[in-house]
Amino acid sequence: MLVKDVKKMNPFKALALVVKYEFKNAAKKFIPLYAVLLIVALVGGLLQSPFSEQVEKISQERAQIEMNGDVDAYSMQMELRSNDFKRGVIYTVIYFFLIIYSIAIVIISVLNLSKRFKKSMLQDEAYLNLVLPVSMSQHIWGRFINALIWMIICLLVISVSSCFYMIRNGALEFLPELVDIFKENGFEKIGCSLPMFFFTLIAFIFMILISIILAIYFVNSFAHLFPKARTLVKICSIILCIYLFFNLPKWVIRITDDIDFVPGMWLVISAYFVLSAVYMTVTQLVFMKRLNLE
């Protein structure tokens with residue numbers, strides 16, 4: 001009866017249901033984490049003064065010091081230094097908190113997605129999920145799409161928080177000038193236009209996210225084949241995935257040493273795509289042919 005239900009059910013609708021269910025489950029954990037980052041970044045950004053106001057204030061304070069006597073000038077200078085030091089400490093603490101918290105959010109997001117996949121597909125919750133009128137491929141692809149969405153949201157939240165932190169100090173105003181500098185000195189040397197560079201960069205980041213998610217699925221599913229040595233196999237699989245992840249671009253660049261920047265980057269992207277396809281193939285084969293929940 002369940003097999004008939006799977007065949008009759010709209011595959012896209014079934015996939016959407018898996019994504020929706022997993023998205024709601026992940027939202028309970030991720031939204032508070034991301035909200036804290038955005039709030040702290042916004043508060044830190046609003047507390048800062050624009051660079052132009054800081055420069056003007058410093059010049060006015062120096063002029064006042066020069067007009068007063070030595071004693072008054074010394075006490076005023078000490079007071080100004082004390083205030084600047086306090087502001088500097090606050091800005092530095094917020095800045096380092098944002099950096100550390102952003103790194104922590106990425107790590108927590110990856111670990112939570114891995115834990116969720118393992119719990120819903122290989123542990124107790126799998127007994128309930130796998131009797132639903134949803135095919136095994138829809139289960140895997142639905143969780144993959146959900147994980148990819150949340151990883152993209154994670155990067156977007158970190159980017160927006162960086163903009164929030166620079167919202168008042170005027171640093172964002174220098175972005176067009178920075179792009180012009182790169183355009184004149186960087187893009188012309190590598191023979192690449194600005195739109196093509198950003199398109200290639202986005203495709204590269206997108207492929208990196210895909211390979212990380214599918215590597216997580218590969219590690220958990222492959223280790224499941226060895227119940228008596230599951231931990232050891234998982235550790236070895238993680239080491240293999242990390243080794244391939246960092247060395248694959250080196251191997252491609254070494255082979256294509258004379259190729260221009262953009263074609264070389266697309267070859268690296270293609271290599272990550274092939275690696276991700278291997279991860280997904282192994283994962284699906286394990287779940288379809290060798291799954292044993294014991």
Side-chain angles (χ1 to χ4, degrees), residues 11-12 15 18-19 22 106-107 109-118 120-122 135-156 190-193 195-226 230 232-291:
F12 295 103
L15 188 65
V18 175
V19 174
E22 291 297 318
V106 175
I107 296 173
S109 298
V110 172
L111 292 178
N112 269 286
L113 292 171
S114 175
K115 183 179 179 181
R116 177 60 192 164
F117 177 79
K118 184 178 178 181
S120 64
M121 295 294 287
L122 295 169
S135 68
M136 190 63 74
S137 294
Q138 290 164 351
H139 273 296
I140 297 172
W141 279 101
R143 283 161 175 78
F144 164 72
I145 293 171
N146 171 73
L148 183 60
I149 291 172
W150 278 110
M151 291 302 293
I152 292 173
I153 292 174
C154 179
L155 294 183
L156 290 176
I190 62 177
C192 173
S193 64
M196 179 56 69
F197 175 82
F198 281 108
F199 178 74
T200 304
L201 180 62
I202 292 172
F204 177 74
I205 294 173
F206 192 74
M207 200 65 244
I208 289 294
L209 295 179
I210 291 175
S211 63
I212 291 173
I213 295 168
L214 293 180
I216 292 172
Y217 292 1
F218 164 77
V219 168
N220 283 285
S221 59
F222 185 70
H224 186 76
L225 297 175
F226 306 90
R230 190 164 293 165
L232 178 61
V233 173
K234 183 174 288 189
I235 293 172
C236 293
S237 300
I238 291 172
I239 294 173
L240 175 64
C241 290
I242 293 174
Y243 178 79
L244 292 174
F245 181 81
F246 287 104
N247 286 279
L248 194 61
K250 297 179 184 178
W251 297 336
V252 174
I253 293 172
R254 188 179 301 172
I255 296 172
T256 60
D257 191 24
D258 297 331
I259 297 181
D260 293 335
F261 174 79
V262 173
M265 284 295 296
W266 280 102
L267 283 175
V268 173
I269 293 170
S270 301
Y272 275 118
F273 177 81
V274 172
L275 182 63
S276 300
V278 172
Y279 290 154
M280 177 58 88
T281 302
V282 173
T283 300
Q284 294 213 55
L285 287 175
V286 170
F287 277 95
M288 291 179 178
K289 305 294 184 181
R290 302 293 299 276
L291 181 63

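None of these values were measured; they are calculated from a predicted model.
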Problem - Minimum heavy-atom distance between Cys241 and Phe218, given as atom pair plus value - result: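 Closest heavy-atom pair between Cys241 and Phe218: SG-CD2, 3.7 Å.
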Exercise for the section: Apply the side-chain contact (heavy atoms from CB on, under 4.5 Å) test between Ile145 and each candidate in Val18, Leu15, Ile140; give the one that qualifies. Expected result: Leu15
Practice task
Taking the six-membered ring for Trp and the single ring otherwise, decide whether the centroids of Phe273 and Trp266 are under 6.0 Å apart.
Solution key: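 Centroid separation for Phe273 and Trp266: 6.0 Å or greater.
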Quick one: pull up [atom1] in [X] and [atom2] in [Y] and give me the separation to the nearest 0.5 Å.
X: Lys289; Y: Gln284; atom1: NZ; atom2: CD; result: 11.0 Å
X: Ile153; Y: Leu148; atom1: CD1; atom2: CG; result: 10.0 Å
X: Leu275; Y: Met280; atom1: CG; atom2: CE; result: 12.5 Å
X: Ser109; Y: Leu155; atom1: OG; atom2: CG; result: 9.0 Å
X: Ser276; Y: Phe144; atom1: OG; atom2: CZ; result: 7.5 Å
X: Leu214; Y: Leu209; atom1: CG; atom2: CG; result: 11.0 Å

Exercise for the section: Give every residue pair that meets the side-chain hydrogen bond (donor to acceptor under 3.5 Å, both in side chains) criterion with at least one member in residues 140-153, sequence neighbours excluded. Expected result: Glu22-Arg143, Ser120-Arg143, His139-Arg143, Asn146-Trp150
Within the structure provided, determine whether [X] and [Y] are in side-chain contact (heavy-atom separation under 4.5 Å).
X: Ile208; Y: Phe245; answer: yes
X: Leu122; Y: Phe287; answer: yes
X: Met288; Y: Ser137; answer: yes
X: His224; Y: Asn220; answer: no
X: Val110; Y: Met151; answer: yes

Handout entry: Geometric class of the Phe204/Tyr272 ring pair [parallel <30°, tilted 30-60°, perpendicular >60°]
Key = perpendicular
Practice task
Take Phe222 and Leu240, measure what side-chain contact (heavy atoms from CB on, under 4.5 Å) needs, and give me the verdict at the end.
Solution key: CA-CA 12 Å; Phe222 185 70; Leu240 175 64; over 6 Å; no
Problem - Whether over 12 other heavy atoms sit under 6.0 Å from Phe206 CZ - result: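 Counting neighbours around CZ of Phe206, 12 or fewer heavy atoms of other residues, nucleotides or ligands fall under 6.0 Å, so no.
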Problem - Residue Phe226 excluded, over 12 heavy atoms near CZ under 6.0 Å - result: yes
Handout entry: Working for side-chain contact (heavy atoms from CB on, under 4.5 Å), residues Phe199 and Ile202
Key = CA-CA 5 Å; Phe199 178 74; Ile202 292 172; 5.8 Å; no
